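The structure appears right after this line, and notes come after that.
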Amino acid sequence: MADTRLYLISPPRIDTEAFAAQLTEALEGGDVASFQLRLKGIPDVDIERAARVLMPICHKYDVAFLINDNPKLVRRLKADGVHVGQGDTPYAAAREIVGPDAIVGVTCHNSRHLAMEAGEAGADYVAFGAFFPTNTKDVSHQADREILSWWTELFEVPCVAIGGITVENCRELIEAGADFIAVSGGVWNHPDGPREAVRQFNQIIQEV
Ligand SMILES: Cc1ncc(COP(=O)(O)OP(=O)(O)O)c(N)n1
Ligand SMILES: Cc1nc(C(=O)O)sc1CCOP(=O)(O)O
Ligand SMILES: [Mg+2]
């Protein structure tokens, strides 16, 4: 069985009440390490409102609750961590805001240089992507699985694979050594629902 674990990413827009039910279903489907609230193009006050509903659900299932892009909100809500991209608050400033105990993850696209920089600076994980075409985000970088095996052979800092990951295509990333597979559409748009999607991802992880 591989050590890979699932990292769920929210859809970019949600109806919080309806999504709370979907999230609960997903978390009942099997092991999930973490959840990232990634809401785009809506006011911070609405992100905060959603976080206040969704964070207790994640904690009930022992799932770390991270927020995308916004370290100040992470500090205010005492969330578990923040994810920052190359155009967001830089790692050092994000760390300063959230403190030493929170998780800080950094987007590294397909760049060994960015990943080594983030790892040396103290990032809790480095994220590579996009591995596959995705409808969730306009992406301008494509990653290949060799970067996962290269990273895991050389470094202790965990690596996350993201971008268009589904139950159909995840196996090669797990085999390449991804510590986490970060999935949005592959769970929320699964034809048999989020619970079944999480079950199937975990089944594949067990088989590798
Ligand atoms: C786990 C994970 N990896 C990568 C990203 C992308 O972050 P970023 O490049 O800042 O793009 P946005 O998500 O902010 O659109 C992520 N959110 N999570
Ligand atoms: C948020 C995000 N970041 C990416 C990157 O490559 O950095 S790809 C991506 C979208 C993830 O959603 P899905 O699983 O539906 O493709
Ligand atoms: Mg970002």
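Whatever order the structure lists ligands and atoms in, that order sets their numbers, starting from 1. Just so you know, these numbers come straight off a predicted model, no measurement behind them. Below, each value reflects all heavy atoms present in this structure, side chains not excepted, and no hydrogens, waters or symmetry copies.
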At less than 3.5 Å, what protein N or O atoms come close to the N or O atoms of ligand 2? Include the distances to 0.1 Å.
{"from": "ligand 2", "atom 1": "6 (O)", "to": "Ala130", "atom 2": "N", "distance (Å)": "3.2"}
{"from": "ligand 2", "atom 1": "14 (O)", "to": "Ser184", "atom 2": "N", "distance (Å)": "2.9"}
{"from": "ligand 2", "atom 1": "15 (O)", "to": "Thr136", "atom 2": "OG1", "distance (Å)": "2.4"}
{"from": "ligand 2", "atom 1": "15 (O)", "to": "Gly185", "atom 2": "N", "distance (Å)": "2.8"}
{"from": "ligand 2", "atom 1": "16 (O)", "to": "Thr134", "atom 2": "OG1", "distance (Å)": "2.6"}
{"from": "ligand 2", "atom 1": "16 (O)", "to": "Gly164", "atom 2": "N", "distance (Å)": "2.7"}

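When all heavy atoms are compared, the tightest approach of Leu77 to Glu48 is CD2-OE2, 4.0 Å. Heavy-atom minimum distance, Ala143 versus His109: CB-O, 4.2 Å.
For ligand 1, the atoms sitting less than 4.0 Å from at least one non-hydrogen atom of Ala127 are 3 (N), numbered in the order shown with element in parentheses. Close approach of ligand 1 to Asp69 is summarised as follows: ligand atoms under 4.0 Å from at least one heavy atom of the residue are 10 (O), 14 (O). Near Gly85, meaning under 4.0 Å from one of its heavy atoms, ligand 1 places the atoms 8 (P), 9 (O), 10 (O).
The nearest heavy-atom contact from the protein to atom 13 (O) of ligand 1 is Arg38 NE, 2.6 Å. Regarding atom 11 (O) of ligand 1, its nearest protein heavy-atom neighbour is Lys137 NZ, 2.9 Å. If you check which protein heavy atom lies closest to atom 18 (N) of ligand 1, you get Gln36 NE2, 3.0 Å.
Between Asp124 and Arg95, at least one side-chain N (NZ, or NE/NH1/NH2) sits under 4.0 Å from a carboxylate O, which counts as a salt bridge.
No path of Ile, Leu, Val, Met, Phe, Trp and Tyr side chains, each step under 4.5 Å between heavy atoms, connects Ile162 with Phe132, placing them in separate hydrophobic clusters. If you chain together hydrophobic residues whose side chains sit under 4.5 Å apart, Val183 and Phe180 never meet in one group. Under a hydrophobic-cluster definition in which Ile, Leu, Val, Met, Phe, Trp and Tyr are linked whenever side-chain heavy atoms come within less than 4.5 Å, directly or via other members, Leu6 and Val160 are assigned to different clusters.
Aromatic ring centroids of Tyr125 and Tyr7 lie under 6.0 Å apart.
Inclusion of Gln86 in the set of residues having an N or O under 3.5 Å from an N or O of ligand 1 is not warranted. Ligand 1 has an N or O atom lying under 3.5 Å from an N or O atom of Asn68, backbone or side chain.
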Arg199 and Asp31: salt bridge (Lys or Arg N to Asp or Glu O under 4.0 Å), yes or no, with the steps? CA-CA 8 Å; Arg199 191 195 69 74; Asp31 181 62; over 6 Å; no
Stepwise side-chain contact (heavy atoms from CB on, under 4.5 Å) test for Met116 and Trp151: CA-CA 9 Å; Met116 287 189 286; Trp151 180 263; 4.2 Å; yes
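Excluding waters, the set of protein N, O or S atoms lying under 2.8 Å from the Mg ion (ligand 3) comprises Asp69 OD1, Asp88 OD2.
Judged by the 6.0 Å distance and 45° axis criteria, Arg112 is positioned over the aromatic ring of Trp150.
By heavy-atom distance, the residue among Lys40, His83, His141 lying nearest atom 2 (C) of ligand 1 is His83. By heavy-atom distance, the residue among Thr89, Asp88, Leu66, Thr107 lying nearest atom 10 (O) of ligand 1 is Asp88.
Although no hydrogens or angles enter the test, the distance criterion places no donor-acceptor pair under 3.5 Å between the side chain of Asn189 and the main chain of Gly186. Within the 3.5 Å criterion, the main-chain N or O of Ile9 finds a donor-acceptor partner in the side chain of Ser184.
Put simply, the residue from Val157, Asp88, Leu114, Val84 that forms a side chain to side chain contact (heavy atoms under 4.5 Å, CB included) with Val106 is Val84. With His83 as the fixed residue, the side chain to side chain donor-acceptor pair (under 3.5 Å) test singles out one of Asp69, Thr107, Asn68: Thr107.
Between Tyr7 and ligand 1 there is a heavy-atom distance shorter than 4.0 Å.
Looking only at atom types and distance, the side chain of Glu28 has a donor-acceptor partner in the side chain of Tyr61 under 3.5 Å away.
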